[in-house]
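Below, chain A is the first sequence line, B the second, and so on; all start at residue 1.
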Amino acid sequence: MNYWLMKTEPDTFSIDDLKKRKKEFWDGVRNYQARNFMRDNMKKGDLILIYHSSCKEIGVAGVATVTTECTPDKTQFDEESKYFDKKATKEKPRWFYVEVKFKKKLKRVISLDEIKEETKLKDLALIKKGNRLSIMPLKKKEFDIILSLE
DNA sequence: GCCAACGTTGGC
DNA sequence: GCCAACGTTGGC
């Protein structure tokens, strides 16, 4: 089993939205490195930390699971969508998504500051300088440590 | 809203 | 293939 951290802007889609909707296709990933992780390494049953970015309470807000193998992101073919990609075709899709299922909301947001302060988490990709990955792999240990801060 | 640190695009 | 210009991310 693999462990992941996935960023979302809560003003657009928060852990509460995921709780309400139970499941959601994680569309709109338009970064090749993030895509490759999802396409090549993400498997049904993997665990995900949901991270809130660009907001008031920045940090890890909840846990989710992957419920599908990755499939072509439908929004890339939809001219109405802001994620439309004219270079993508059904034969050769460029972008993919998985479905994500709500598991739990943390009692409180584990803040970015706390994560930075935890020396055991110093190798986390999240806190590396200039990091802009919206999907990144975690070691089981890192996943457990972050949740233990709750 | 600012801006550093990226990633992407496109002319050459 | 290089690289300048431009766009985006995301913490502050």
Using atom names, set out every protein N or O paired with an N or O of nucleotides 1-3 of chain C below 3.5 Å, distance rounded to 0.1 Å.
none

Measure the distance from [atom1] on [X] to [atom2] on [N] and round it to the nearest whole Å.
X        : N     : atom1 : atom2 : result
A:Ile127 : B:dA5 : CD1   : P     : 17 Å
A:Lys128 : B:dG7 : NZ    : P     : 14 Å
A:Arg35  : C:dT8 : CZ    : P     : 19 Å
A:Met6   : C:dT9 : CE    : P     : 15 Å
A:Gln33  : C:dT8 : CD    : P     : 19 Å

Backbone N/O of [Y] and side chain of [X]: donor-acceptor pair under 3.5 Å:
X       : Y        : result
A:Glu99 : A:Thr68  : no
A:Thr8  : A:Phe13  : yes
A:Lys22 : A:Lys101 : no

Checklist entry - Looking just at side-chain N and O atoms, do A:Thr75 and A:Asp73 make a donor-acceptor pair shorter than 3.5 Å? => result yes
Checklist entry - Are the charged groups of A:Lys74 and A:Asp78 less than 4.0 angstrom apart, N to O? => result no
Item to check | Carboxylate-amine/guanidinium proximity below 4.0 Å for A:Arg108 and A:Glu114 | outcome: yes
Checklist entry - Is the number of heavy atoms from other residues, nucleotides or ligands under 6.0 Å of A:Lys103 NZ greater than 12? => result no
Restricting to nitrogen or oxygen on both sides, can you table the protein-nucleotides 10-12 of chain C pairs closer than 3.5 Å?
residue : atom : partner  : partner atom : Å
C:dG10  : OP1  : A:Lys7   : NZ           : 2.7
C:dG10  : OP1  : A:Arg132 : O            : 3.4
C:dG11  : OP1  : A:Tyr51  : OH           : 2.6
C:dG11  : OP2  : A:Ser54  : N            : 3.1
C:dC12  : OP1  : A:Lys116 : NZ           : 2.9

Checklist entry - Closest nucleotide of DNA chain B for A:Lys129 versus for A:Lys87: which of these residues is on the 5' side? => result A:Lys129
Checklist entry - Which heavy atom of A:Asp46 sits nearest a heavy atom of A:Asn41, and at what distance? => result OD2-O, 3.7 Å
